[in-house]
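For the numbers below, each heavy atom of this structure counts, side chains included, while hydrogens, waters and symmetry mates do not. Lettering follows sequence order; numbering is per chain, from 1. Since the model is a prediction, treat every value here as computed from it, not as a measurement.
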Number of protein chains: 2
Amino acid sequence: MSEEWSDTEISTLLNDNGMRATPQRMAICKELLLKKCHRTPNELHEELCQRFPTISPNTVYLTLSQLESSGLIRRFYVDGQAIYDSNTATHDHIYCRVCKLLLDVGTENSIHTPKCTEEWSIEWGTRVWSGVCPKCH
Amino acid sequence: MSEEWSDTEISTLLNDNGMRATPQRMAICKELLLKKCHRTPNELHEELCQRFPTISPNTVYLTLSQLESSGLIRRFYVDGQAIYDSNTATHDHIYCRVCKLLLDVGTENSIHTPKCTEEWSIEWGTRVWSGVCPKCH
DNA sequence: AACTAATTAGTAATAACTCCTAAATAAGAG
DNA sequence: CTCTTATTTAGGAGTTATTACTAATTAGTT
Ligand SMILES: [Mn+2]
Ligand SMILES: [Mn+2]
Ligand SMILES: [Zn+2]
Ligand SMILES: [Zn+2]
């Protein structure tokens with residue numbers, strides 16, 4: 001996928017995935033898809049409120065859920081909190097339990113799906129390594 | 001660790017980890033530690049209620065949190081739900097998003113902590129592979 | 001047996017998320 | 001361009017998991 005997304009490209013992407021290109025969704029996609037990043041629904045809602053004062057949390061939840069169903073973003077949980085990830089490549093994470101820093105890490109050692117699961121259809125997975133980051137110890 | 005735990009052994013284990021050996025905690029430990037298993041706080045509470053009718057959810061939450069702090073059990077999240085795991089060896093999981101089946105899988109391909117994180121002190125991590133199990137497709 | 005800090009049950013509070021509904025609107029048809 | 005309609009939205013209500021608080025109880029020590 002390209003690094004830069006025009007409004008038309010985002011609009012087309014949404015339509016191709018069965019979603020109407022509303023201003024709210026365009027804004028959510030710009031926030032999430034333009035950069036490979038991690039966002040909680042609430043973080044995203046607060047960011048969008050600045051330029052889009054009337055957007056409701058519910059709209060953010062719904063749109064994130066639809067984007068995930070389309071495979072355009074991924075969802076996982078850290079400390080019980082949903083994290084949406086616009087990096088859809090298979091990768092793992094490290095998480096600092098002190099300052100809550102969450103980073104991507106490579107998966108050189110671990111990209112293979114498990115051996116005993118040939119009969120499962122595995123769709124996605126990520127590991128979260130928990131610990132303490134350099135700044136926090 | 002041994003396969004069979006006597007009351008005295010569990011009591012000692014709790015005391016060694018700074019916890020008093022109350023009947024409630026003994027019951028929780030028997031339910032969780034005797035077998036390598038996955039439990040949500042609510043599942044555990046319902047099981048304990050059968051033989052221990054007045055135990056409160058809060059006690060279960062507190063005890064699980066303390067057992068986790070002591071490293072006797074691990075916690076991770078699936079679909080936003082806390083799962084406590086008495087298998088403390090490093091391992092991954094597969095999860096069926098249809099029937100909610102959750103199984104351990106080996107980590108032959110992925111036990112190494114990530115290369116770019118030498119300065120982090122990594123304590124634990126698990127991956128959850130999401131998909132559909134053989135019975136559900 | 002007495003003491004005391006840890007633990008408990010119960011209740012209240014919180015946070016994240018889902019459900020519901022009426023009004024607004026994007027996209028397609030004419 | 002206008003009309004039509006199914007989708008989407010905002011907002012509020014409801015739900016569920018979890019945490020906070022508190023007064024009474026109790027495990028382990030002296
Ligand atoms: Mn990521
Ligand atoms: Mn496990
Ligand atoms: Zn940190
Ligand atoms: Zn299944």
Side-chain angles (χ1 to χ4, degrees), chain A residues 7-29 31 38-70 73 75-84 97 100, chain B residues 7-29 31 38-70 73 75-84 97 100:
Chain A
D7 280 14
T8 316
E9 283 172 324
I10 294 178
S11 177
T12 304
L13 183 76
L14 285 170
N15 287 333
D16 287 350
N17 285 279
M19 285 175 271
R20 291 185 176 174
T22 66
Q24 290 89 336
R25 278 194 190 133
M26 299 283 287
I28 290 170
C29 287
E31 219 26 68
H38 304 127
R39 287 285 186 279
T40 67
N42 190 51
E43 283 170 353
L44 205 43
H45 179 249
E46 286 183 0
E47 287 170 6
L48 291 163
C49 274
Q50 294 175 14
R51 290 181 170 259
F52 220 104
T54 64
I55 195 167
S56 78
N58 197 12
T59 299
V60 177
Y61 279 111
L62 271 167
T63 300
L64 289 172
S65 174
Q66 291 167 318
L67 292 173
E68 198 221 353
S69 295
S70 299
I73 59 178
R75 179 181 56 170
F76 59 99
Y77 291 87
V78 177
D79 278 351
Q81 169 68 73
I83 309 281
Y84 284 91
R97 63 173 165 73
K100 316 298 182 195
Chain B
D7 280 14
T8 316
E9 283 172 323
I10 293 179
S11 177
T12 304
L13 182 75
L14 285 170
N15 287 333
D16 287 351
N17 285 279
M19 284 175 271
R20 290 185 177 175
T22 67
Q24 292 88 336
R25 278 196 189 132
M26 299 284 286
I28 290 169
C29 287
E31 218 26 68
H38 303 128
R39 288 285 185 280
T40 66
N42 190 51
E43 282 170 355
L44 205 42
H45 179 250
E46 286 183 359
E47 287 169 7
L48 291 163
C49 274
Q50 294 175 14
R51 290 180 170 261
F52 219 105
T54 64
I55 195 166
S56 78
N58 198 12
T59 299
V60 177
Y61 278 109
L62 270 168
T63 300
L64 288 172
S65 174
Q66 290 166 319
L67 292 173
E68 198 222 353
S69 295
S70 298
I73 59 178
R75 180 181 56 169
F76 60 99
Y77 291 87
V78 177
D79 279 351
Q81 169 67 72
I83 309 281
Y84 283 91
R97 64 174 164 75
K100 316 297 182 196

Review point. A:Q81 side chain to A:V78 main-chain N or O, any donor-acceptor pair under 3.5 Å?
Key: no

**Study point:** Whole-Å gap separating C1' (C:dC17) and CD (A:E43)
**Key:** 16 Å

Check your understanding: Heavy-atom distance under 4.5 Å between the side chains of A:E46 and A:P41, does that happen here?
Key -> no

Check your understanding: Is there side-chain contact between B:D79 and A:R75, with heavy atoms separated by less than 4.5 Å?
Key -> yes

**Study point:** Spacing between B:Y61 atom OH and C:dT8 atom P, to the nearest angstrom
**Key:** 16 Å

Check: residues 60-69 of chain A side-chain donor-acceptor pairs under 3.5 Å, at least two apart:
from	atom 1	to	atom 2	distance (Å)
A:T63	OG1	A:T59	O	2.9
A:Q66	OE1	A:R25	NH2	2.9
A:S69	OG	A:S65	O	3.1

Review point. Does a side-chain heavy-atom distance below 4.5 Å link A:S11 with A:D7?
Key: no

Check your understanding: Under 3.5 Å, is there a donor-acceptor pair between the side chain of A:H45 and the main chain of A:N58?
Key -> no

Pairs under 3.5 angstrom, nitrogen or oxygen only, protein versus nucleotides 27-30 of chain D, please.
from	atom 1	to	atom 2	distance (Å)
D:dA27	N3	B:R20	NH1	3.0
D:dG28	OP1	B:N15	OD1	3.2
D:dG28	OP1	B:A21	N	3.0

Review point. Taking atom C1' of C:dT18 as reference, at what distance in whole Å does atom CG of A:N42 sit?
Key: 16 Å

Exercise for review: Write down the distance between CG (A:L48) and C1' (D:dA10), rounded to a whole number of angstrom.
Suggested key: 14 Å

Point to revise | Whole angstrom value for the distance that separates C1' of C:dA24 from CD of A:Q24 | key: 10 Å

**Study point:** Check: A:E47 side chain, A:L44 main-chain N or O, donor-acceptor pair, under 3.5 Å
**Key:** no

Practice item. Check every strand shown and say whether B:P57 touches a base, only sugar-phosphate, or nothing at a heavy-atom separation below 4.0 Å. Key: nothing

Check your understanding: Is the shortest side-chain N/O distance from A:Q81 to OP1 or OP2 of C:dA16 below 4.0 Å?
Key -> yes

Check your understanding: Hey, are the side chains of B:L14 and B:C29 touching, using non-hydrogen atoms and a 4.5 Å cut-off?
Key -> yes

Exercise for review: Round to a whole Å and report the spacing from CG of A:L14 to P of C:dA27.
Suggested key: 9 Å

For nucleotides 20-22 of chain D, give me every protein contact, N/O to N/O, under 3.5 Å, one pair per line with atom names.
from	atom 1	to	atom 2	distance (Å)
D:dA20	N6	B:N58	ND2	3.0
D:dC21	N4	B:N58	ND2	3.0

Review point. Are the side chains of A:L13 and A:M19 in touch, meaning some heavy atoms are under 4.5 Å apart?
Key: no

Review point. Taking CD1 from A:I55 and C1' from D:dT8, how many angstroms apart are they, rounded to a whole number?
Key: 11 Å

Check your understanding: Quick one: is A:Q66 getting a side-chain N or O under 4.0 Å of the D:dT7 phosphate, OP1 or OP2?
Key -> no

Revision key, fill the gap. Whole-Å distance, A:I28 CD1 to D:dT8 C1', equals 11 Å

Exercise for review: State which of C:dA9, C:dC17, D:dT8 makes the closest approach to the side chain of A:R25.
Suggested key: D:dT8

